[in-house]
Protein chains: 2
Amino acid sequence: MNKADLIEEVQKQLGTECSKAHAERAVNALIASIQRGLKKDKEVQIVGFGTFAVKNRKARMGRNPQTNEPIQIKASRTVGFRPGTTLKDSV
Amino acid sequence: MNKADLIEEVQKQLGTECSKAHAERAVNALIASIQRGLKKDKEVQIVGFGTFAVKNRKARMGRNPQTNEPIQIKASRTVGFRPGTTLKDSV
DNA sequence: CCTCGATCAAGTCGGCCTTGTTCATCTCGA
DNA sequence: TCGAGATGAACAAGGCCGACTTGATCGAGG
């Protein structure tokens with residue numbers, strides 16, 4: 001399922017009163033808001049769905065799959081997601 | 001950041017023309033749509049954000065942290081999330 | 001057309017995941 | 001606005017799953 005299909009689903013649930021353009025704006029706004037929330041509070045919790053959290057990933061040893069040469073992987077940040085109980089049960 | 005703050009952020013980005021109640025409906029609709037997309041296609045890709053995917057978790061051996069007793073962990077399903085490049089760079 | 005993400009290779013170690021209670025926090029009805 | 005109900009985080013220890021590395025290529029979205 002891609003973004004276009006997702007927007008269509010959202011527009012259906014919001015009713016025909018809401019245009020697809022509005023649904024798209026809402027989707028983009030939500031995504032942007034989650035990003036801003038992650039940057040600010042490092043965590044965004046959505047009850048009944050799950051929790052997004054910025055995670056610190058330690059430096060470690062890796063390997064270049066092409067040259068088979070060991071390389072140093074620097075510490076980095078990523079975004080983790082832990083599904084909530086409701087979401088787990090629904091899938 | 002909780003759901004209420006998130007809704008407020010969304011409403012700001014949508015403009016004052018959109019009420020907070022509408023923003024809340026949009027947020028709920030999007031979440032519900034993602035859930036339905038996961039149940040249907042097992043994967044929801046949002047460009048510029050990341051990808052949600054239903055993952056099959058194999059059965060394995062675990063341990064009860066309280067009794068220190070080995071236990072069998074049954075195979076289960078969970079929802080994984082892989083952040084996209086844009087999201088990684090923003091945090 | 002241009003950007004963005006998935007994919008593939010192989011090897012490895014970081015961290016996820018288990019149970020169950022306790023506590024903090026959020027949601028929602030009145 | 002406040003209380004009641006509900007949801008999730010944290011905590012323990014340890015095993016093994018899988019995310020992660022490069023980089024070119026393909027597909028698709030904007």
Side-chain angles (χ1 to χ4, degrees), chain A residues 1-8 20-21 23-25 27-28 31-32 35 37 41-91, chain B residues 1-9 20-21 23-25 27-28 31 35 37 41-91:
Chain A
M1 175 188 251
N2 53 29
K3 199 171 176 181
D5 296 331
L6 184 66
I7 290 173
E8 193 171 353
K20 195 169 294 185
E24 184 173 358
R25 286 209 313 156
V27 171
N28 290 330
I31 292 173
Q35 285 192 19
D41 296 340
K42 311 296 181 191
E43 189 166 314
V44 175
Q45 183 178 72
I46 302 176
V47 176
F49 185 70
T51 303
F52 295 91
V54 176
K55 300 204 172 188
N56 295 322
R57 195 165 289 280
K58 294 180 182 177
R60 60 189 175 86
M61 290 305 295
R63 185 177 296 262
N64 189 332
Q66 295 185 330
T67 63
N68 210 28
E69 174 186 359
I71 55 175
Q72 173 68 250
I73 302 176
K74 294 181 181 177
S76 63
R77 288 180 161 191
T78 186
V79 177
F81 174 75
R82 294 206 317 280
T85 309
T86 307
L87 181 58
K88 274 188 179 178
D89 293 340
S90 67
V91 294
Chain B
M1 174 187 250
N2 55 29
K3 200 172 176 181
D5 295 331
L6 184 65
I7 290 173
E8 192 172 353
E9 278 290 330
K20 196 169 293 185
E24 184 173 358
R25 286 208 314 158
V27 171
N28 290 329
I31 293 174
Q35 284 192 20
D41 296 339
K42 312 296 182 192
E43 189 165 314
V44 175
Q45 181 179 70
I46 302 176
V47 176
F49 187 70
T51 303
F52 295 91
V54 176
K55 299 202 172 187
N56 295 322
R57 193 167 290 279
K58 294 180 182 177
R60 60 190 175 86
M61 290 305 295
R63 184 178 298 263
N64 190 332
Q66 296 186 328
T67 63
N68 210 28
E69 173 186 359
I71 55 175
Q72 173 68 250
I73 302 176
K74 294 181 181 176
S76 63
R77 290 181 161 190
T78 186
V79 177
F81 174 74
R82 294 204 318 277
T85 308
T86 306
L87 181 57
K88 275 189 179 179
D89 293 341
S90 68
V91 295

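In what follows, every chain begins at residue 1, and chains take the letters A, B, ... in the order their sequences are listed. Side chains included, hydrogens not; waters and symmetry mates left out as well; all remaining heavy atoms used.
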Taking any heavy-atom pair under 4.0 Å as a contact, classify A:Thr85: base, sugar-phosphate, or nothing. sugar-phosphate

Indicate yes or no: at least one non-hydrogen side-chain atom of A:Val44 is less than 4.5 angstrom from one of A:Gln35. no

Give the C-alpha distance, both sets of side-chain angles, the deciding distance and a yes or no for side-chain hydrogen bond (donor to acceptor under 3.5 Å, both in side chains) between A:Lys42 and A:Asn56. CA-CA 11 Å; A:Lys42 311 296 181 191; A:Asn56 295 322; over 6 Å; no

Please check if the side chain of A:Asn64 supplies one atom and the backbone of A:Gln66 the other of a donor-acceptor pair under 3.5 Å. yes

Write down the distance between CG (A:Asp41) and P (D:dA9), rounded to a whole number of angstrom. 15 Å

Taking B:Asp5 for the side chain and B:Met1 for the main chain, is one N or O donor matched with an acceptor at less than 3.5 Å? no

Of the nucleotides D:dT21, D:dC20, C:dT18, which has the atom closest to the A:Ile71 side chain? D:dT21

Test A:Glu43 against A:Thr51 for side-chain contact (heavy atoms from CB on, under 4.5 Å), laying out the working first. CA-CA 7 Å; A:Glu43 189 166 314; A:Thr51 303; 3.8 Å; yes

Please state how far atom CZ in A:Phe81 lies from atom P in D:dA9, giving the value in whole angstrom units. 11 Å

Under 3.5 Å between N/O atoms: give me all the protein pairs with nucleotides 26-30 of chain D, atom names plus distance.
unit_1, atom_1, unit_2, atom_2, d
D:dG29, OP1, A:Asn2, ND2, 2.9

Nearest atoms (heavy-atom pairs only) where A:Gln72 meets A:Arg60: OE1-O, 3.1 Å

Looking only at the side chain of B:Arg82 (C-beta and beyond, no hydrogens), which of the listed nucleotides C:dG5, C:dA6, D:dC20 gets closest? C:dA6

Between A:Ile46 and B:Pro83, the residue closer to the 5' end of DNA chain D by nearest nucleotide is A:Ile46

Would you list the protein and nucleotides 21-23 of chain C atom pairs, both N or O, that sit under 3.5 Å from each other?
none

Rounded to whole angstroms, how far apart are NZ on A:Lys88 and P on D:dT7? 14 Å

Between A:Ile31 and B:Ile46, does a side-chain contact (heavy atoms from CB on, under 4.5 Å) hold up when you go through it step by step? CA-CA 9 Å; A:Ile31 292 173; B:Ile46 302 176; 3.1 Å; yes

So which one's nearest nucleotide on DNA chain C is more toward 5', B:Ile73 or A:Asn68? A:Asn68

For atom CG of B:Leu87 and atom P of C:dA6, their distance in whole Å: 12 Å

Just the rounded figure in Å: distance from P of D:dG15 to CG of B:Asn64. 14 Å

Looking at side-chain heavy atoms only, is the closest gap between B:Asn2 and A:Gln45 below 4.5 Å? no

Note, A:Phe81 side chain near B:Thr78 side chain (heavy atom, < 4.5 Å): no

Using side-chain contact (heavy atoms from CB on, under 4.5 Å), reason through A:Val79 and B:Lys88 one step at a time and then give a plain yes or no. CA-CA 7 Å; A:Val79 177; B:Lys88 275 189 179 179; 6.0 Å; no

Whole angstrom is fine here: how far is it from CD in B:Gln72 over to C1' in D:dG15? 13 Å

Steps toward side-chain contact (heavy atoms from CB on, under 4.5 Å) verdict (A:Arg63, A:Asn68): CA-CA 6 Å; A:Arg63 185 177 296 262; A:Asn68 210 28; 3.3 Å; yes

Could I get a table of every N or O pair under 3.5 Å where one atom is in the protein and the other is in nucleotides 12-16 of chain C?
unit_1, atom_1, unit_2, atom_2, d
C:dC16, OP1, A:Lys55, NZ, 3.4

Need one value for A:Thr51: base, sugar-phosphate or nothing, where a base atom within 4.0 Å counts as base even if backbone is also close, heavy atoms only. sugar-phosphate

Check the angle between the aromatic planes of A:Phe49 and B:Phe52 and answer parallel, tilted or perpendicular using the 30° and 60° thresholds. perpendicular

